[in-house]
Structures are given as C-alpha cells and as structure tokens.
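Residue indices begin at 1 and follow the sequence shown. Note that the structure is a prediction, hence the values are computed from the model and not measured.
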Amino acid sequence: MIRGIQASIRGMAAEQARTDAASNNVANIDTDGYKRTSVSTTDFGNMLVQLVDPTMDGIPVIGQIGTGATVESTTRDNSPGPIQETGNPMDVALTGAGQFTFQGPNGPAYTRLGAFHRDNQGQLVTAQGYPLLVSGKPVGAGAREVTVAQDGTVLLDGKAAGTLDIQGGDGKPLALKSLEHSNVDLAQEMTDMIIAMRAFQANQRALAMQDNTLNRTVNEIGKV
C-alpha cells in the first residue's frame with residue numbers, strides 16, 4: 001500500500017514537470033528566438049517481489065512491480081522557428097543551424113536571438129547588452145555606422161571588421177532586417193498539457209483511493 005502511494009506521488013511530480021514545461025512554452029510563444037523545451041519521463045525502477053515461506057525450499061520469485069515514474073531529462077528543441085521581417089537594420093536572423101556568440105559574464109555564450117543594437121560606447125551588443133563577438137572580439141566602438149552583410153561580415157563605416165562568430169553554423173546566408181520567431185507550436189503544447197494533466201489526475205485519484213483504503217484498514221484494525 002505504501003509503495004502504491006509513493007508511486008502515485010512520483011507520477012504526479014513527473015506529470016507536473018511536463019505541465020510546467022508546456023506552460024512555459026506557451027508563455028514564450030511570442031518570444032523571438034525562444035526554443036521549446038520538453039520533459040521526458042521514465043520508470044523510477046522496478047522492485048523484485050519474492051514469496052517468503054519458511055515451509056518452502058528457497059525463495060520463489062513472484063515477479064516485478066513498478067515503483068512509479070520520474071523525470072528522465074529536459075531537452076530543448078533546436079529546430080528553427082519562422083523568420084519574420086522587422087525592418088530594423090540591426091536585426092539579423094539565422095536561416096540555418098548555429099548560434100551567435102557573445103561575451104557573457106562568465107565567458108563566451110550563445111544565442112539564436114539576433115536583436116542587436118549598439119550600446120553607449122558604440123559596441124555591437126545582444127538584446128541583453130552583452131558584446132557580440134566578431135572574429136573573436138567586440139567591435140563597433142568609435143564607428144559612426146555598423147552594418148551586417150548576409151554572409152555575416154560586419155562593416156564599420158563601410159570597412160570589413162570581421163565576421164560574426166556563429167557556433168555550429170552551416171554557412172547559410174543570414175536574413176537581414178528580420179528575427180527568428182519562437183518555434184513553439186500552440187496546438188502541440190495544448191495537446192501535451194492536456195495529456196499531462198489527465199495523467200496527473202489519474203495518479204491523484206489513485207492516491208486518494210489508496211489513502212482511503214489505508215485509513216479504513218487502520219481504523220478497522222483498531223476496532224478489533
């Protein structure tokens with residue numbers, strides 16, 4: 001009985017994680033460059049059940065029982081999202097694989113979001129204000145004009161200063177004056193959320209039934 005309660009609790013926790021992931025995806029459906037995440041679940045583990053009978057030779061094996069589900073992994077879907085034109089000359093979208101490289105607080109970091117702008121020093125930076133790396137270094141300080149070509153070349157006042165560092169790129173041309181939209185599919189997320197919620201409710205009902213049975217068992221024994 002206690003094992004059944006534990007299995008139901010584990011199942012509820014796993015389905016809650018799946019629901020949270022789907023909810024977060026829906027909340028970011030309009031976030032440019034966002035990549036959906038998904039949660040995979042697996043068996044928590046099986047328990048071997050054996051018959052303990054002092055009158056028998058050996059310990060016969062009855063079989064195995066499951067002990068519930070658990071979160072196996074959380075993965076990010078890196079498939080490209082739809083590209084939308086913005087008209088902003090500093091917006092750049094990757095049309096293939098890869099990520100833009102920028103100088104983060106703890107070293108080089110990566111993003112798909114190409115909503116670039118210039119900071120107070122004139123450097124080309126990400127939407128969060130981190131310096132974008134162009135041939136391994138920040139660029140733009142002191143230049144009057146910064147432009148990006150389709151092949152990733154960055155021009156300072158019309159002169160090439162290097163190319164955008166694209167981690168894992170496949171050489172496809174960039175989409176200028178455009179941004180990559182979120183790759184979240186609302187219909188898929190709603191379907192996943194409904195499935196996870198129904199599984200959560202099934203575990204919840206099983207938990208309530210086991211709790212009620214255990215409560216009655218304890219009370220009945222107390223009356224004997």
Side-chain angles (χ1 to χ4, degrees), residues 17 20-40 73-189 192:
D20 290 345
S23 299
N24 186 60
N25 290 337
V26 172
N28 285 281
I29 194 169
D30 291 323
T31 301
D32 292 323
Y34 178 80
K35 299 299 180 185
R36 69 180 297 272
T37 59
S38 60
V39 172
S40 300
S73 63
T74 300
T75 57
R76 187 174 70 169
D77 178 7
N78 288 317
S79 61
I83 294 176
Q84 297 182 336
E85 187 173 350
T86 65
N88 187 338
M90 299 300 289
D91 287 345
V92 181
L94 291 162
T95 60
Q99 294 178 299
F100 298 110
T101 307
F102 63 91
Q103 186 62 47
N106 300 312
Y110 311 97
T111 180
R112 287 282 298 188
L113 179 58
F116 305 139
H117 65 278
R118 299 182 71 184
D119 63 11
N120 295 334
Q121 287 73 45
Q123 287 191 127
L124 187 61
V125 297
T126 66
Q128 292 76 30
Y130 295 113
L132 198 65
L133 294 182
V134 177
S135 294
K137 63 182 184 300
V139 300
R144 293 186 302 275
E145 182 182 34
V146 177
T147 56
V148 180
Q150 275 193 318
D151 63 356
T153 300
V154 177
L155 305 173
L156 304 182
D157 296 330
K159 296 181 179 180
T163 57
L164 292 171
D165 289 347
I166 300 176
Q167 175 72 19
D170 52 14
K172 291 185 178 180
L174 302 174
L176 305 181
K177 299 182 180 180
S178 303
L179 289 177
E180 180 185 3
H181 200 51
S182 164
N183 67 348
V184 173
D185 183 337
L186 181 58
Q188 181 62 55
E189 298 306 325
D192 290 348

By side chain to side chain donor-acceptor pair (under 3.5 Å) - contacts of Ser73 (at least two apart): none

side-chain contact (heavy atoms from CB on, under 4.5 Å) partners for Gln121, two or more places apart: Asp119

Pairs touching residues 132-155 that satisfy side chain to side chain donor-acceptor pair (under 3.5 Å), sequence neighbours left out: Asp151-Thr153

Reported CG-to-CD1 distance for the pair Leu94 and Ile166, which is rounded to 0.5 angstrom: 5.0 Å

Audit row: Val125, Leu132, side-chain contact (heavy atoms from CB on, under 4.5 Å) steps and yes/no: CA-CA 5 Å; Val125 297; Leu132 198 65; over 6 Å; no

Asp192/Asn25 under side-chain contact (heavy atoms from CB on, under 4.5 Å): CA gap, chis, key distance, verdict: CA-CA 11 Å; Asp192 290 348; Asn25 290 337; over 6 Å; no

Residue pairs fulfilling ring-ring contact (aromatic ring centres under 6.0 Å, His included) with at least one residue in residues 120-157, sequence neighbours excluded: Phe102-Tyr130

Partners meeting salt bridge (Lys or Arg N to Asp or Glu O under 4.0 Å) with Asp32 (sequence neighbours left out): none

Pairwise side chain to side chain donor-acceptor pair (under 3.5 Å) hits with a residue in residues 107-118, at least two apart: Arg112-Glu180

Stepwise side-chain contact (heavy atoms from CB on, under 4.5 Å) check, Leu124 with Met90: CA-CA 9 Å; Leu124 187 61; Met90 299 300 289; 3.1 Å; yes

Minimum heavy-atom distance Val39-Thr74, with the two atoms named: CG2-OG1, 3.9 Å

Donor-acceptor pair, side chain of Ser178 and main chain of Leu176, under 3.5 angstrom: yes

Shortest non-hydrogen contact between Asp157 and Ala143, atoms and distance: OD2-CA, 3.7 Å

Test item: Lys35 side-chain N/O and Ser79 main-chain N/O as donor-acceptor pair under 3.5 Å: yes

Where at least one partner belongs to residues 133-172, residue pairs that pass ring-ring contact (aromatic ring centres under 6.0 Å, His included), sequence neighbours excluded: none

Main-chain N/O of Arg36 paired to Asp77 side chain as donor or acceptor, under 3.5 Å: no

Gln167 side, atom CD; Leu133 side, atom CG - distance, nearest 0.5 Å: 11.0 Å

Listed once per pair and sorted, the ring-ring contact (aromatic ring centres under 6.0 Å, His included) pairs that draw on residues 146-175, sequence neighbours left out: none

Where at least one partner belongs to residues 151-181, residue pairs that pass ring-ring contact (aromatic ring centres under 6.0 Å, His included), sequence neighbours excluded: none

Sequence-distant partners of Tyr34, ring pair (Phe, Tyr, Trp, His ring centres under 6.0 Å), two or more places apart: none

Minimum heavy-atom distance between Gly140 and Val146, given as atom pair plus value: CA-CG2, 4.1 Å

Polar side-chain atom of Asn24 near backbone of Asp20 as donor-acceptor pair, under 3.5 Å: no

Qualifying residues under side-chain contact (heavy atoms from CB on, under 4.5 Å), relative to Ala127, sequence neighbours excluded: Leu113, Ala115

Over 12 foreign heavy atoms within 6.0 Å of CG, Asn120: no

Residue pairs involving residues 81-98 (criterion side chain to side chain donor-acceptor pair (under 3.5 Å); sequence neighbours excluded): Thr86-Asp91

